[in-house]
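Below is one structure; the comments refer to it alone.
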Amino acid sequence: MNEPQTAVDWEAVVAHAPVPVQLISGTPWPELHVEAPNWPDLAQFLRTAPELQLDYLFCLTCVDWKTHLTMVYHLNHSRQERVVVVKSQLDRDQPQIASVAGIWRTAEFHEREVFEMFGVQFLGHPDLRLLILPEGWEGRNPLRKDYEDPVNMIRL
Amino acid sequence: MWSIEQIIGALNQWLQHTLGNVGAAIAAYILLGIFVILFFSVLGLVLVYMERKVSAWMQVRLGPNRVGPKGLLQTLADTLKLMSKEGLTPAGADRFLFNLAPVLMIVVSMLLLAPVAFARNVQIWDLNIGVLYVSAISSVSVLAVLIAGWSSNNKYSLLGAMRSGAQIVSYELSAGFAILTVAVLSGSLQVSQIIESQQTGWWIFRGHLPVWVATVVYLIAVTAETNRAPFDLAEAESELTAGFHTEYSGMKFALFFLAEYANVFIASAIGATLFLGGWMPLHIGNWEAFNRVMDWIPSSIWFLAKTFFLIFVIMWFRWTFPRLRIDQLLELEWKYLLPIGLVNLILATAIAVLGWHF
Amino acid sequence: MDVLNFLLITASGLFFIGVYGFLTRRNLLTMLISAELMLNGAALNLVAFNRYRWPEELDGLFLAVFIVAIAAAEAALLIAIVLRLYRNTRSVDVSDITELKH
Amino acid sequence: MTLRNYLRNIFQGLRSLWTGMRRTGYYFVHHKEIITQQYPDEPPRLAERFRGEVVMPHNESNEHRCTGCTACELACPNGTIKIITKYEVTPEGKKKKALDQFIYHLELCTLCNLCIVACPTDAIKMSQAFEHSVLDRRELIKILNKPGSRLMDGVE
Amino acid sequence: MLQEITSTDTGCLTINVGPQHPSTHGVLHLVITLSGETILRVDPHLGYIHRSIEKMCESLSYRQFIYVTSRMDYLSSHINNHGCALCVEQALQIEVPPRAQVIRVLMDELTRMASHVLWWGAMAMDVGAITPFFHAFRERELINEIMEETCGARLTMNYMVPGGVMFDLHPNFQKRVKDFIPFFKSKLDEYDELLTHNIIFKQRTQHIGVLSREDAISYGVTGPTARASGWACDVRKRVPYECYDRLRFEEVVEQAGDCYARYLVRMGEMRQSLSLVEQLIDNIPQGDFQAKTKAVLKLPKGEFYSRVETARGEFGVYIVSEGGTTPYRIKFRSPGFSNLSALDHMARGHKIGDLVAIMGSLDLVIPDIDR
Amino acid sequence: MSAGHEQKFSGQPEPFPGQVVPAPGGGILTGALDEVIAWARSNSLWPLVFGTSCCAIEMMSTASAKYDWSRFGFEVARATPRQADVIIIAGTIVNKMAPVLRRLYDQMADPKYVIAMGACATSGGPFFYNTYSVVKGADHVIPVDVYVAGCPPRPEALLHGLITLQKKIQAGQKREKIIIDRYWKPEAVPETLSS
Amino acid sequence: MLQPDWILYILALMALAGGVMAVTTRRIFRAAVYLLFSLTALAGIYFWMHYEFMAAVQIIIYVGGIVVLIIFSLFLTHQTGQPLPEPAPLQRWGAAVLAAAAWVGMAVLLLDLPPALREAAMPTMSDIGSALLSVNETGMALPFEVITLLLLAAMVGCIVLALKDRTALNT
Amino acid sequence: MGPASLIVLIVSGVVFSTLAMWVARFLVRPAWNKQKGEPYECGVPTVGQTWIQYNVGYYLFALMFLIFEVELVFLFPWAVVASQMGFVALVEAIVFLFILFLGFLYAHRQGALKWM
Ligand code: SF4
Ligand code: SF4
Ligand code: SF4
């Protein structure tokens with residue numbers, strides 16, 4: 001807390017990144033767009049690179065854009081404010097991305113949630129099973145836009 | 001001035017007069033049976049009501065006050081409700097043992113009534129091993145708990161039962177040592193003689209440090225033995241739902257509840273007998289007038305007052321303290337109470353042998 | 001029947017029930033239970049003799065008390081051994097514990 | 001553990017326990033600290049803004065202020081309000097939309113106040129009634145406008 | 001699924017704790033594998049109060065969706081509402097009037113106290129002391145009364161709206177809060193007598209459920225739980241919102257990381273909140289309590305994220321807007337969810353009784369976790 | 001656990017596990033005794049410790065010093081359904097919880113009573129529309145004796161509900177049948193109200 | 001004093017019946033419970049004989065100690081829900097006949113004992129205490145100390161055995 | 001009253017408790033279903049069997065207790081005569097308790113009193 005806040009030069013970070021990354025600025029927080037297969041390398045880099053050390057994954061979610069899914073990771077440093085948003089597009093029919101539960105352990109539960117809500121398969125996740133939904137929900141992902149449940153869901 | 005002793009004497013005479021010797025004895029036993037059953041029922045009602053009021057006042061609230069005047073009928077309603085509630089036996093349980101456990105529990109606490117001296121010369125059986133008998137019989141209740149826990153076929157019950165098994169047996173030792181302290185000082189195990197030995201003053205006043213320590217140890221130990229908070233691990237609500245009586249409902253459960261209160265009463269009564277002189281009035285040295293006034297108060301009142309004071313203390317514990325964890329509880333017994341009890345006993349012996357007590 | 005005879009017969013009855021259990025059961029703990037029955041028979045025997053034959057002496061009583069004490073020690077040790085065996089062989093059946101490997 | 005430490009532990013432990021017992025003992029004997037309000041006997045002290053249920057005030061001549069504009073129905077997040085309108089013929093011979101039934105589902109209402117805020121004519125308000133227990137939940141469906149009531153003059 | 005952890009081999013015992021269990025503060029379901037009484041594994045099963053709030057919010061307007069969030073972390077309902085309001089304001093760039101800001105902070109801090117005080121009672125209940133629970137509710141009722149007078153509800157407030165607050169402060173508010181401050185201070189000392197220094201309580205909580213700083217960060221644990229592990233993660237300090245940057249308060253941080261440290265942090269936070277309220281109560285600026293906003297709010301296309309510090313930790317609202325009147329996707333980053341994920345790590349090797357203490361010290365609110 | 005509790009609420013209503021069959025024996029209650037028992041039962045309603053969400057806090061408040069339901073003799077909250085008389089459904093019941101609630105209810109010893117506290121337990125309340133996981137009223141799962149509206153009902157309201165239940169027991173009224181037409185739509189206004 | 005013989009007969013019957021049930025039941029937990037009945041009935045007999053000290057010892061050690069210990073070890077070593085294997089019929093009947101024969105033989109031998117001395121002064125607790133402490137040849141001080149040492153040895157043995165066991169458990 | 005009073009107590013205990021348990025059958029008409037008979041485990045079906053082996057850490061305490069209890073029993077007759085017999089009793093008790101204490105110390109050293 002008492003440390004001086006140092007600004008991060010995201011251009012340089014992107015240049016140093018081990019994998020191709022697209023930087024988008026102009027949004028409230030800088031955004032990095034990455035191809036799904038490259039995500040584990042980038043995650044490792046963001047976590048360990050000395051000038052970044054983003055050790056605090058505070059939000060992990062997914063958005064269904066009807067044509068594709070987007071994984072959204074909000075990363076931060078534990079003492080300094082260096083929020084960065086990493087996004088990765090996934091195929092809607094066969095969403096797959098590597099798990100980062102080994103890097104940020106909080107991801108384990110968040111990924112399980114995304115798994116059941118969006119059907120994203122997290123490769124290498126230690127224990128990928130339903131967390132919130134009752135058993136037998138595999139395959140129906142309620143937070144997808146096309147989810148319909150005519151019995152339980154009464155539309156207003 | 002009337003006293004229970006005289007009433008009983010008169011009753012006995014009348015019985016002998018009308019029924020003859022054998023008839024009188026049989027009638028006396030029947031009356032005794034009726035008396036203990038009534039006593040138990042009333043005890044349950046009174047103690048539960050007291051507990052509720054004590055807890056309520058400590059918790060800045062009113063407690064039962066709407067059923068009957070001042071809520072006095074509350075516990076009666078509870079009892080009637082429990083009686084009219086289904087007492088179910090789970091399908092997987094061992095039926096015989098499941099129903100045996102509450103009976104055993106009640107029988108054990110009934111048996112414990114035998115040596116309790118309710119007033120001067122009012123005692124069911126003044127047996128010569130008095131306090132040893134209490135110590136012995138109360139160790140049977142652990143079996144009722146174990147049987148109840150096992151036969152319910154429920155994991156919480158079983159865990160709770162085993163916890164309380166380990167707990168009750170452990171604390172029996174400390175209670176035993178505390179009892180021994182007074183036994184050494186008064187040179188008897190018989191309840192009436194222990195009380196007689198306090199003619200000149202209660203042990204708590206006469207016995208110096210060893211008796212104070214013994215009192216504290218005894219109170220802690222009986223609190224643990226009766227499975228009451230802060231030692232209510234067996235039924236630790238926030239851990240094991242209701243412990244060994246999780247599966248019990250209706251009257252079967254109520255019997256456990258009742259037995260717990262009866263045991264508290266008996267433990268307090270024995271404690272009052274050992275340390276506070278039982279029904280012996282408060283006597284101070286040679287203040288004759290004062291002693292006379294004290295004597296004038298009936299002995300049963302003395303006994304009940306002391307017993308209820310100790311019951312209150314035990315309730316006070318319950319509504320103040322957090323619960324110990326099972327290993328801490330055993331550690332408390334084996335690392336603190338037991339060695340203290342041992343050392344304390346030697347001290348008490350020394351005092352008794354040297355005649356240092358007042 | 002005289003009370004002493006009756007007690008002694010009861011005591012021997014307990015003893016032989018214990019013997020029966022000891023012979024038919026192959027489970028160490030039930031065997032322990034049988035052994036306790038036998039010891040109890042013996043203790044009752046001693047107490048009965050003491051009470052109805054030499055009531056002014058206490059030797060029988062003390063012997064019985066000591067038997068109980070020794071029974072306790074024996075039970076404790078036996079159970080410790082049983083548990084140990086159980087850890088090693090995963091069984092409390094005597095026929096399974098033919099050789100004490102450990 | 002030395003003997004002194006051992007004894008000190010015991011004494012400190014006992015002292016801390018005694019402090020707690022003194023506190024509860026204090027409350028045990030000080031009955032003036034008891035704060036219980038005896039609800040059915042003593043009427044509860046309700047805050048004037050307390051939201052108990054939505055009501056529609058009527059004046060003496062059985063008039064309310066609701067124009068049937070359905071703003072509240074739209075504002076309500078969970079479909080508690082159902083407005084049934086009818087066409088009334090004004091004295092000038094014009095047809096005019098007016099409230100027929102203001103159906104209010106108390107069993108759904110979350111007492112969030114959004115409808116009150118939304119109402120342009122202040123036709124509804126929150127009352128403090130809270131004793132809503134019933135044996136049949138259909139009793140909780142209410143029609144707020146009284147039978148035969150009509151719009152107050154001058155309310156548009 | 002349950003079979004793989006059900007080992008009937010010697011000593012291993014699988015028991016369910018919850019969904020209906022007094023210590024889980026609601027309907028958390030833990031499947032515990034035990035050896036004797038030692039916990040080998042805790043496997044939380046959630047969803048027993050999953051109300052699909054995120055899906056629901058996709059069809060609610062920006063004014064309407066706030067009320068649902070009161071029902072998530074119902075003990076911090078003001079702060080939840082606050083987070084949502086902040087997110088909408090940030091998107092629409094609404095300037096909140098200073099009076100509303102102060103009212104919001106006041107309400108937040110009162111909520112925090114109410115939540116912590118309830119937690120205190122519940123924690124005491126978990127470790128087996130029942131009386132503190134009642135004492136805690138006495139103070140909580142006072143806060144509730146203060147809230148009720150201004151906000152009109154006791155629990156689910158729906159008081160903060162985009163642009164400010166729904167009503168102005170009640171005229172009695174200042175006086176009642178001022179009465180409350182010294183009263184609560186004295187009661188906090190009583191709390192110390194009843195629990196903080198109690199040897200049994202210390203025994204039950206010290207060295208139990210230790211969470212190191214690194215683990216806390218890795219598990220994304222926030223709030224008092226993380227601060228007890230030595231991680232200063234208070235959003236009010238890191239990215240001050242409203243007028244927090246102009247207020248004096250300390251972030252209570254402990255290093256031990258055990259249940260007792262978490263306890264101390266929350267006790268400290270109650271005192272800090274009290275001092276915040278003290279600072280503000282005489283300095284409520286005059287003016288509007290609500291900014292002028294349109295009747296129907298339409299957020300611009302884009303993504304918005306706001307963070308607030310609830311009584312349990314960092315609460316995030318992530319709104320993806322397509323430009324309509326309803327959110328396209330909304331995600332609530334609830335603190336309890338991450339805090340719960342560390343439970344298994346903390347509880348392993350402890351006893352069942354410790355599990356209860358650990359859960360108590362985490363201050364879980366299950367609807368906040370399940371959403 | 002059988003797969004797919006969600007099945008319970010999709011398609012044709014399928015009965016919950018465990019249909020109630022009256023056991024033989026019992027039930028010789030007459031006259032004055034009947035009244036005494038009803039009095040005892042109504043004055044000693046021990047609740048099950050059961051709360052799922054926000055309403056549970058208000059239920060706890062009702063237990064707390066200010067409202068103090070122990071005045072009526074309700075304070076002996078039991079953690080196990082075997083010993084409880086009344087289950088106060090304080091909070092939302094979701095589809096995953098419904099079998100649990102049913103099981104808890106089934107495992108209670110007779111006689112047993114149910115209070116639905118709050119909008120959620122009464123009808124789904126705030127979560128009636130647009131949710132896929134909330135049971136629209138606890139009476140789809142177990143029969144309910146008393147409904148207490150509010151979100152959350154204030155503690156006095158819960159007390160009022162309990163008093164209503166007491167009156168109901170004392171009047172000897174039997175529980176209403178389970179409302180069978182699940183998904184009873186709020187639009188369907190009963191005749192008694194619409195005229 | 002109202003102490004008819006039939007009480008003794010009932011108690012003896014209970015003791016024997018409990019014993020029989022304990023050795024024949026196939027549910028091991030129940031075996032322990034039947035043993036409990038048998039032992040309690042014996043304690044009752046001691047009470048009937050006015051040897052209260054012996055009765056208390058019986059209850060406190062047997063019922064409160066040994067049976068509890070047996071039950072604990074049952075939990076540790078058995079699937080308490082499973083019934084025990086049935087003994088082979090030959091073994092069972094053989095053992096039963098053997099035991100019964102031995103008992104009948106013994107009973108026949110015992111029947112012609114001289115009658116009991118029924119009225120006698122009971123030892124008081126202080127008699128027992130003095131006997132226990134006296135060091136002359138009728139005193140029990142020496143055996144008493146020996147028993148104590150034996151118990152100490154038993155305790156040491158138990159701890160040695162059990163603690164090894166514990167380390168084995170942890171691995 | 002003599003030992004017979006124990007029988008009276010036992011009988012009245014049995015009568016009282018069975019009567020109390022039995023009377024409910026006449027006052028309530030219970031419904032039975034399959035779920036009612038299942039063991040209660042927080043509202044979900046139990047996992048695995050209940051009557052299985054447990055790894056209880058308590059049995060060691062039961063062992064220790066048994067030994068101590070035996071010695072405690074011997075102390076009772078001693079206590080009665082202790083003050084009369086004077087120093088003999090004191091010395092014997094000290095010897096006795098010392099042996100007991102030795103055992104206790106041994107157990108403590110070995111960690112038998114630590115609960116695992
Ligand atoms: S208070 Fe809220 S929920 Fe109730 S009718 Fe009004 S807008 Fe709807
Ligand atoms: S109550 Fe108000 S908002 Fe609702 S329909 Fe009537 S006038 Fe319109
Ligand atoms: S009725 Fe309201 S307060 Fe109660 S549980 Fe439902 S949302 Fe929460």
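Naming: A, B, ... by sequence-line order, numbering from 1 per chain.
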Nearest heavy-atom neighbours spanning Leu151(G) and Ala69(C): CD2-O, 4.1 Å

Quick one: are Tyr20(C) and Val20(G) in side-chain contact, heavy atoms under 4.5 Å? no

By a 4.5 Å heavy-atom criterion (distance strictly below it), what part of Phe49(C) contacts chain G: side chain, backbone, both, or neither? side chain

Which portion of Ile147(G) sits near chain C, non-hydrogen atoms under 4.5 angstrom: side chain

Closest heavy-atom pair, Leu14(C) versus Ser38(G), reported as atoms and distance to 0.1 Å, is CD2-OG, 3.8 Å

Sequence neighbours left out, what passes side chain to side chain contact (heavy atoms under 4.5 Å, CB included) with Leu77(C)? Give chain and number order. Ala154(G), Cys158(G), Leu161(G)

What's the spacing between Met54(G) CE and Leu44(C) CG if we round to 0.5 Å? 8.5 Å

What residue in Leu78(C), Leu32(C), Val47(C) has the most heavy-atom pairs under 4.5 Å with chain G? Val47(C)

The interface call for Ile66(G) against chain C, heavy-atom contacts under 4.5 Å, is side chain

I need the residue from Leu98(G), Leu16(G), Thr24(G), Val57(G) with the largest number of non-hydrogen atom pairs under 4.5 Å to chain C. Leu16(G)

Atom group of Glu36(C) that falls short of 4.5 Å from chain G, counting heavy atoms: both

Please examine the side chains of Ile9(C) and Trp103(G), heavy atoms only from C-beta on, and report whether any two atoms are closer than 4.5 Å. yes

Contact class of Thr148(G) relative to chain C, heavy atoms under 4.5 angstrom: neither

Contact part of Leu42(G) toward chain C, heavy-atom cut-off under 4.5 Å: side chain, backbone, both or neither? side chain

Please find the pair of heavy atoms, one from Leu150(G) and one from Ala73(C), that lie closest to each other, and give the distance. CD2-CB, 4.4 Å

Engaged part of Tyr34(G) at the chain C interface, taking heavy atoms whose separation is under 4.5 Å: neither

Would you mind checking which part of Ala11(C) comes under 4.5 Å of any heavy atom in chain G, side chain (CB onward), backbone (N, CA, C, O), both or neither? neither

Given Thr30(C), Ile79(C), Leu7(C), the one with more heavy-atom pairs under 4.5 angstrom with chain G than any other is Ile79(C)

Okay, Ile45(G) and chain C: the region with an atom under 4.5 Å from a heavy atom over there is side chain

With a 4.5 Å heavy-atom cut-off, do Tyr62(G) and Leu39(C) have their side chains touching? yes

Side-chain contact, heavy-atom cut-off 4.5 Å: Thr24(C) with Val23(G)? no

Most contacts with chain G, counted as non-hydrogen pairs under 4.5 angstrom, among Val68(C), Val19(C), Ile70(C): Val68(C)

Those residues at least two apart in sequence (or on a different chain) that pass side chain to side chain contact (heavy atoms under 4.5 Å, CB included) with Val146(G) are none

Any idea which of Ile33(C), Ile81(C), Leu8(C), Leu37(C) has the most non-hydrogen atom pairs under 4.5 angstrom with chain G? Ile33(C)

Closest non-hydrogen contact found for Leu8(G) with Phe6(C) is CD2-CD2, 3.8 Å

Is chain C contacted by the side chain of Leu69(G), its backbone, both, or neither, given a heavy-atom distance below 4.5 Å? both

With a 4.5 Å heavy-atom cut-off, do Asn40(C) and Gln58(G) have their side chains touching? yes

